[in-house]
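Counting starts at 1 for both ligands and their atoms, following the listed order. For this chain, numbers begin at 1 and follow the sequence in order.
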Amino acid sequence: MTTLADLDVNGKRVFLRCDLNVPLKEGKITDDGRIRASLPTINALLAKGASLVIAAHLGRPKGEAKPELSLAPIATRLSELLGKPVKFAGAITGDDVTAAAQSLAAGEILLLENIRFSAAETSKEESERAAFAADLATLADVYVGDGFGAVHRKHASVFDLPKLLPHAAGTLVAAEVEVLKKLTTEPARPYGVVLGGAKVSDKLGVISNLLGKVDVMAIGGGMVFTFLAAQGYKVGSSLLEVDQIDTCKEYLTRAAALGVEVILPTDIVVASKFGADAEVAITSAHEIESSPFGDKGLGLDIGPESAARFAAEIKASKTVFWNGPMGVFEIDKFAGGTRAVAQALTEVDGLSVVGGGDSAAAVRILGFEDNQFGHISTGGGASLEYLEGKKLPGLEVLN
Ligand code: ADP
Ligand code: MG
């Protein structure tokens, strides 16, 4: 991969693709981790005498300008964190944007509007993306790819544009790739993986690929219930992906054949309904419907016994990768499992990696500091696809 050291940016205008896709609640940024993670590359480029045209996406506007997904609040926060002005373009292309880019002096920054307001950015039509990329290319002399969270996407600003300009990976992308390499080539053992989050179907690829590589796999979060159903247990009204039950069965069989220990929770925090004011009971994972809420009960976290077991396995590992919260951590009653797993990761004697947008947000919201972990990946889907063994278009193109 070409890195910043290989690219001459002095006096040049750099098109910098960042990942500034931060969670927002009522227009306020709730976790600015991805903005902070973008600062080293921005500062490095400015120190080398470049001016910057920064592009990023926010949410899924599906090719339309959605005011609530404008990057305007991101420009404000970025400016605060950098301690210098960030000009906000208010558009992606057009005469005003071109003029604003051309008037940048060395050390100045222009942030474009949400790149996904343009349907061409994510288009499946290569020609549409190429035409958009050609427009973007007129804004700068060179390209730096630092939006790790988007490198698994064949999008115009990630994949097509770098082909048109001299290019390099930013320091964030380089650092992410270095850690992922450690997780995939001769990891120190025991190697434990903890998976959670909302959907089994999102994580099946990574489960399948990692089963052959890890010693222990602990599964929590919403996915648990499809695994419990695969073992023949009833799960009340918990998240269940009926069409994935057979796949989960197959994984359990394969894990047994490979000698990989799959750890499922033994107890579950069951709620009367979804919400902070729900009533709560702790049941055996095998008797979820025995709670006072019967078949209406919702499993929203792993129970304390399971949390302790998961934590012990994590602490006994020399390499740990964790993706996906153990429960609905956004509500404090259901944050216990996630908190226990996060705490255990901070105590690992070896490499501990947190991957996934919500997982990274969870550790910060629960009060942990970034430096308590070996690495917090900014990319959920991207890091999972890398671990699945897939080629990531936005990385391939920077080679
Ligand atoms: P990441 O972004 O870290 O990859 P996901 O997006 O897969 O994680 O999942 C995060 C979401 O999963 C959180 O919003 C959390 O509330 C939800 N979640 C975790 N456990 C459960 C559960 N038992 N039932 C419903 N949702 C859950
Ligand atoms: Mg997520």
**Q** Quick one: does Glu113's side chain have a donor or acceptor within less than 3.5 Å of a partner on Leu71's backbone?
**A** yes

**Q** Starting from the C-alpha separation in whole Å, work towards a yes-or-no answer on side-chain hydrogen bond (donor to acceptor under 3.5 Å, both in side chains) for Ser201 and Glu241.
**A** CA-CA 8 Å; Ser201 41; Glu241 289 184 65; 2.7 Å; yes

**Q** Check the pair His375 / Glu176 against side-chain hydrogen bond (donor to acceptor under 3.5 Å, both in side chains), numbers first and verdict last.
**A** CA-CA 8 Å; His375 180 73; Glu176 294 272 11; 2.9 Å; yes

**Q** Determine whether more than 12 heavy atoms belonging to other residues, nucleotides or ligands lie under 6.0 Å from atom CZ of Arg60.
**A** no

**Q** Would Glu279 and Ser272 count as a side-chain hydrogen bond (donor to acceptor under 3.5 Å, both in side chains) if you check the C-alpha gap in whole Å, the side-chain angles of each, and the deciding distance to 0.1 Å?
**A** CA-CA 5 Å; Glu279 285 176 57; Ser272 58; 4.9 Å; no

**Q** Are any side-chain N or O atoms of Thr138 and backbone N or O atoms of Ala134, one a donor and one an acceptor, separated by less than 3.5 Å?
**A** no

**Q** Name each N or O atom in ligand 1 that is under 3.5 Å from a protein N or O, and give the partner atom and the distance.
**A**
residue	atom	partner	partner atom	Å
ligand 1	2 (O)	Gly357	N	3.4
ligand 1	2 (O)	Asp358	N	2.9
ligand 1	2 (O)	Asp358	OD2	2.9
ligand 1	3 (O)	Asp358	N	3.4
ligand 1	3 (O)	Ser359	N	2.8
ligand 1	3 (O)	Ser359	OG	2.5
ligand 1	4 (O)	Lys203	NZ	3.2
ligand 1	4 (O)	Asn323	ND2	3.1
ligand 1	6 (O)	Asp358	OD2	2.9
ligand 1	7 (O)	Ala198	N	3.4
ligand 1	7 (O)	Lys203	NZ	2.9
ligand 1	9 (O)	Ala198	N	3.2
ligand 1	12 (O)	Ala198	N	3.3
ligand 1	14 (O)	Glu330	OE2	2.5
ligand 1	16 (O)	Glu330	OE1	2.7
ligand 1	16 (O)	Glu330	OE2	3.3
ligand 1	20 (N)	Gly222	N	3.3
ligand 1	23 (N)	Gly299	O	3.0

**Q** Quick one: sort the Phe373 and Phe368 rings into parallel, tilted or perpendicular, breaks at 30° and 60°.
**A** perpendicular

**Q** Val194 vs Met217, test: side-chain contact (heavy atoms from CB on, under 4.5 Å). Steps then yes/no.
**A** CA-CA 6 Å; Val194 185; Met217 184 177 285; over 6 Å; no

**Q** Anything protein N/O/S under 2.8 Å from the Mg ion (ligand 2)? Just list residue and atom, please.
**A** Asp358 OD2

**Q** Please find the pair of heavy atoms, one from Phe329 and one from Asp358, that lie closest to each other, and give the distance.
**A** CZ-O, 3.7 Å

